Amino acid sequence: MSVERYNPREAEPRWQQVWDDAKSFVTNTDDPREPYYVLEMFPYPSGRIHMGHVRNYTLGDVVARFQRAKGKNVLHPMGWDAFGLPAENAAMERGLNPGTWTRQNITAMKAQLKSMGLSIDWTREIATCEPEYYSHQQSMFIDMLEAGLITRKKSKVNWDPVDMTVLANEQVIDGKGWRSGAAVEQRELTQWFFKISDYAEELLSALDGLTDWPEKVRTMQRNWIGKSEGLRLRFELVDGAEAGASSIEVFTTRPDTIFGASFIALSPDHPLTTVLAANNAELSEFVAECHRMGTATEAIETAEKRGYRTALTVKHPAIDGATLPVYVANFVLMDYGTGAIFGCPAHDQRDLDFARKYDLPVKPVVLPPGGDAATFAVANDAYTDAGSIFNSGFLDGLSIEEAKKAAAAHFAARLVDGQPQGQVEVNYRLRDWGLSRQRYWGAPIPIIHCEVCGTLPVPKKDLPVVLPDDVTFDKPGNALDHHPTWKHVNCPQCGGAARRETDTMDTFVDSSWYFARFTAPHADTPTIPAVANRWLPVDQYIGGIEHAILHLLYSRFFTRAMKATGHLGLDEPFKGMFTQGMVTHETYKSEDGRWLSPEEVRFETVDGERRATEIANGRPARIGAIEKISKSKRNGTDPDDILKVYGADAARWFILSDSPPERDVEWTEAGVEGASRFQQRIWRLVGETIEIAKQSAGIVRASDDDEALALRKSVHRAVHNVGGDIEGLRFNRAVAQIYELTNALVRSAGLVAVAPAARLSALEEGVARLIQLIAPMMPHLAETCWEALGKDGLVADAAWPAVDAAMLVDDTVTMPIQLNGKRRGEIVVAKGLPAAEVEKRVLSLDEIVRMLDGKAPKKIVIVPDRIVNVVV
RNA sequence: GCGGGCGUGGUGGAAUGGUAGACACACCAGACUUAAAAUCUGGAGGGGGUAUCCCCGUGCGGGUUCGAGUCCCGCCGCCCGCACCA
């Protein structure tokens, strides 16, 4: 019997067209079925999809198709994160308009995504660079401004001298711009900010409720928000006349160590430092030096603690008559706490280093458990663990926690300058989100600056503020700013000459609400709240770990801000979050050290050792490490080529099969070929089943024999397990289950020919179920098989097969028999056989009798239907 | 330094405290073929006896348990994130 080979090149485009024509994946909000929203992070339209996209969208598509089969009304949309720097870079390099470049890329990538056979509702497609999208963003900006969620302030910003733009703190990595890699400078600019720090506590505490998020992501967000509780403490200056101040405020989380204080340190950026430096050239030079070190030094941890001793001293707040010197120190940050600290060298390593350098007292005030108060001293390691307080007046004998409370109460009750000397305070590391970008290719900030009336929002009737197309990129900086006419407008209030804001919004704003826009992508308001509230939160969001902090935190904030402005009715946008691993590939280098792409290398196995040869010149090539696919290492394969050679299904199947989705997966040619072979195996099984049925056409079907029943059981088990595995996103296990079922079906196909009357129905049923199981993963092959089997309609519309619980249980169980915990044999018994009966049977087994060698067992552990352990 | 994760055959990886290595990739042998491809059958953690058995084995050392890859304690190694945050 010969069956024609399955041809994905023919079948895949055909089914994609069928789904399109049937509007199979178009979703209606009115549909009464239970809604399910699955979303993958939308791509930046760089021009071509990469393997990371293939993985991301395959994972999401399996979930979407599975939930559809389970009877849910599934929303599975796709769009484009279309603003951003690369479009401007392309404009500069190739003279293309950023909009033209971006829209071309979208067209190309959409075709690629379509060829993957994704079950996407393309009628909901959005691109953030279109006025239809960003006009709503502008209108929400105005709403949020009016609601007090946005503020404008002068602030020191991270300036990227190569990209000529401001960067958010999150976009500065090791003091360098995240895109350009250039050393970031500090500049003072007036910027727009989302007041995300107002939500710090809520964004932190709500993390506890996000139980369907990876622990890792939640931890990263917790650290990023960086909550610390402590005391704001005021130190009176002995003589502050020179500086025009009477006290210095510090923030501390260790008020319990106040008796161990030996100095005060100010940040180089502290206002008091600035005042002092004005009349002090030496200090001024020290401050300048700190600034040079600031961002340039990568090895901050090795940076020396340095300080400048000012003329100031403060009174010790708890020890009468004692004073502390005031330093300016390079390690004190202005933008955390109050920009000033007190140093307790005995119990803080940094303070200790500083104290040793400047010969300041090191007075221990925390005694380790079992320590001797008379002799305990700190040498080169600060003591930071638990203990009891000593050398500390009214705090003596307390634990650290008790002493913190006691100190806080003590200082809260004392007045200095008519105010409490100490105040309990919570500090967060999270800063406000600066959204201004000095860039053309982004959503214009809808603001007008009038000399007379000030800074005004653009009236909503005048929205959108549309980006002009006629821009040039012949000089660096913001092309919008260079535009001859665009920024000149009349003031909406007084009608006089005014100027548009030429800054555009950070692209993270665009991606902070697109998931909500998908629920009503054509509405003339940002959202239709009733519709958005029906769909949101996203049931399953899938994307890369690289967005664990920025995008997810901003989206969580934006959802709250949209709630505050009446656009949404919920706080958390993503109920389930999943972060996928990377796609990696082997790397290859030529003899002379050039990176070689997989296509440039040929392999052979000599004496069991895999060897590579550079095809171009026949010279040996080096097989290197397995690394994330990257352009620079040339270790990638273009998904387009894979799709053309093997088809979408083979690519999808392989990327699902090889590794758990949260781990990295190594892309191998052999692996895709294996997936391709498996497709043919399924196709042959279907052909064989049809053939057997045809030959048995006249036979009267009888009821199942044992063989048929066993087959049915393995089918039910597979349906049950695969469903559970997909729900748990354990796709690699689902794949393994499907392989097992396929093996069982192929085996039994041979047996069915022997007794078709009693076995054929079980086989036919089993093959049909198998096709439904593979449908979420290999949808085109599944449709082709479904059609060949003569089934009605599309498998994409078929309901997930029901599982008969009775078919999941067996009548007999195989119980392993252990002797002292080591497996020595097994026994097949009826399920539920009483322990006494099992014991009798076990002890009468020849092998057990032999091994017991006449000894009586001390104990026999029997776990019903599981295991027997004989202890001697 | 702080936080999170991981460590199982040649490889990717399976295993509610209960038969370690499912399933796949790669490999080897055989069948079919003039041959190759495709396909089918079989083999395989390591070591020894080399049918039918025994010993060892989940990074290392302890512990709990009838029983530990899994739980606890102490190490080692790798990966990721954050990091002068007071």
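Just so it is clear, the model here is predicted, and its values are computed rather than measured.
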* What interatomic distance, in whole Å, is found between C1' of C23(B) and the corresponding atom of G13(B)? -> 9 Å
* Under the 3.5 angstrom rule, does the side chain of R663(A) hit a backbone N or O of G581(A) as a donor-acceptor pair? -> no
* Short side-chain N/O contact from R684(A) to OP1 or OP2 of C40(B), under 4.0 Å -> yes
* Asked: Between atom CZ in R429(A) and atom C1' in A86(B), what is the gap in whole Å?
  -> 14 Å
* Structure fact -> When rounded to whole Å, the CG to P distance for the pair D664(A) and G13(B) reads 9 Å
* Asked: With syn defined as a glycosidic torsion within 90 degrees of 0 and anti otherwise, which applies to G47(B)?
  -> anti
* Examine distances only and state if a side-chain atom of H347(A) and a backbone atom of T384(A) form a donor-acceptor pair shorter than 3.5 Å. => no
Short heteroatom pairs, N/O only, protein and nucleotides 46-55 of chain B, under 3.5 Å:
unit_1: C55(B); atom_1: OP2; unit_2: R824(A); atom_2: NH2; d: 3.2

* Heavy-atom distance under 4.5 Å between the side chains of V842(A) and E839(A), does that happen here? -> no
* Within this structure, what is the CD1-to-P distance between I867(A) and G17(B), rounded to whole angstrom? -> 14 Å
* Asked: Can you check whether D256(A) reaches I389(A) side chain to side chain, under 4.5 Å on heavy atoms?
  -> yes
* What does A14(B) pair with, Watson-Crick or G-U, if both distances are under 3.5 Å? -> none
Could you list all N or O pairs between the protein and nucleotides 43-45 of chain B that sit under 3.5 Å apart?
none

* To do: Please name all residues satisfying salt bridge (Lys or Arg N to Asp or Glu O under 4.0 Å) with E215(A), sequence neighbours left out, ordered by chain then number.
  => R218(A), R222(A)
* Over how many whole Å does the gap from I545(A) atom CD1 to C82(B) atom P extend? -> 10 Å
* Just checking, is any N or O donor in the side chain of D432(A) or S197(A) under 3.5 Å from an acceptor N or O on the other one? -> yes
* Asked: What integer number of Å spans the C1' atoms of G7(B) and C60(B)?
  -> 11 Å
* Structure fact -> Separation of A38(B) atom C1' from E673(A) atom CD, nearest Å, is 13 Å
* Structure fact -> Of C85(B), G3(B), U19(B), the nucleotide closest to the side chain of R350(A) is C85(B)
* **Positive for side chain to side chain contact (heavy atoms under 4.5 Å, CB included) with V583(A), one of V665(A), T637(A), D664(A)** => V665(A)
* Listed nucleotide nearest any side-chain atom of T814(A), set G4(B), U19(B), C84(B) -> U19(B)
* Asked: Which whole number of Å gives the distance between the P atom of U58(B) and that of A20(B)?
  -> 12 Å
* To do: Return the value, rounded to whole Å, for the distance between atom CD of E666(A) and atom C1' of G13(B).
  => 13 Å
* Compare every heavy atom of A261(A) with every heavy atom of H316(A), then report the nearest pair and how far apart it is. => NE2-CB, 4.1 Å
* Quick one: pull up CE in M220(A) and CG in L207(A) and give me the separation to the nearest 0.5 Å. => 12.0 Å
* Asked: Does G3(B) have a Watson-Crick or wobble partner in any strand here, with both distances under 3.5 angstrom, and which is it?
  -> C80(B)
* To do: Rounded to whole angstrom, note down the C1' distance from U70(B) over to C6(B).
  => 15 Å
* Should the pair F235(A) and F342(A) be assigned to parallel (<30°), tilted (30 to 60°) or perpendicular (>60°) ring geometry? -> tilted
* Asked: If the P atom of A68(B) is compared with that of U19(B), how far apart are they to the nearest Å?
  -> 12 Å
List every contact pair, protein side and nucleotides 21-25 of chain B side both N or O, where the distance is under 3.5 Å.
unit_1: A22(B); atom_1: O2'; unit_2: E740(A); atom_2: OE1; d: 3.4
unit_1: A24(B); atom_1: OP1; unit_2: N743(A); atom_2: ND2; d: 3.2

* Counting only Watson-Crick or G-U wobble pairs whose two distances fall under 3.5 Å, which nucleotide matches U64(B)? -> none
* **Residue mapping more 5' on RNA chain B - nearest nucleotide basis, R823(A) or G339(A)** => R823(A)
* Kindly determine whether F654(A) and E673(A) satisfy side-chain contact (heavy atoms from CB on, under 4.5 Å), including the steps that lead there. => CA-CA 9 Å; F654(A) 170 64; E673(A) 272 163 32; over 6 Å; no
* To do: Would you mind pulling out the nucleotide paired to G30(B), Watson-Crick or G-U wobble, both distances under 3.5 Å?
  => C40(B)
* Asked: Starting at CZ of R232(A) and ending at P of A86(B), how long is that distance when rounded to a whole Å?
  -> 15 Å
* For K357(A), does the NZ atom sit with more than 12 other heavy atoms under 6.0 Å from it, leaving out its own atoms? -> yes
* Asked: With rounding to whole Å, what would you report as the distance between G45(B) and G9(B) at their C1' atoms?
  -> 5 Å
* So which nucleotide does A35(B) pair with, by the Watson-Crick or G-U wobble rule with both distances under 3.5 Å? -> none
* Asked: Nearest of G13(B), C82(B), C85(B) to any side-chain atom of P660(A)?
  -> G13(B)
* Asked: So Y336(A) and F251(A), would you call those rings parallel, tilted or perpendicular, with 30° and 60° as cut-offs?
  -> perpendicular
* Closest nucleotide among G4(B), U19(B), A86(B) to the P816(A) side chain -> U19(B)
* **M220(A) vs E215(A), nearer the 5' end of RNA chain B by closest nucleotide** => E215(A)
* If you draw a 6.0 Å radius around NE2 in H720(A), do more than 12 non-hydrogen atoms from other residues or ligands fall strictly inside? -> no
* To do: Provide the full list of side-chain hydrogen bond (donor to acceptor under 3.5 Å, both in side chains) pairs with a residue in residues 734-751 of chain A, sequence neighbours left out, each pair given once.
  => W653(A)-Y739(A), R681(A)-N743(A), N721(A)-Q737(A)
* To do: Provide the distance between the two P atoms, one in C56(B) and one in G67(B), to the nearest whole Å.
  => 16 Å
* Interatomic distance where CZ belongs to F354(A) and C1' belongs to C84(B) [whole Å] -> 12 Å
* Asked: Do other residues, nucleotides or ligands put more than 12 heavy atoms under 6.0 Å from K713(A) NZ?
  -> yes
* Pairwise P distance, G4(B) and U41(B) [rounded to whole Å] -> 49 Å
* Does OP1 or OP2 of G13(B) have a side-chain N or O of R663(A) closer than 4.0 Å? -> yes
Check nucleotides 63-74 of chain B for protein N or O atoms closer than 3.5 Å to its own N or O atoms and list the pairs.
unit_1: C66(B); atom_1: O2'; unit_2: N869(A); atom_2: ND2; d: 2.9
unit_1: C66(B); atom_1: O2; unit_2: N869(A); atom_2: ND2; d: 2.8

* Asked: Do other residues, nucleotides or ligands put more than 12 heavy atoms under 6.0 Å from the CG atom of N380(A)?
  -> no
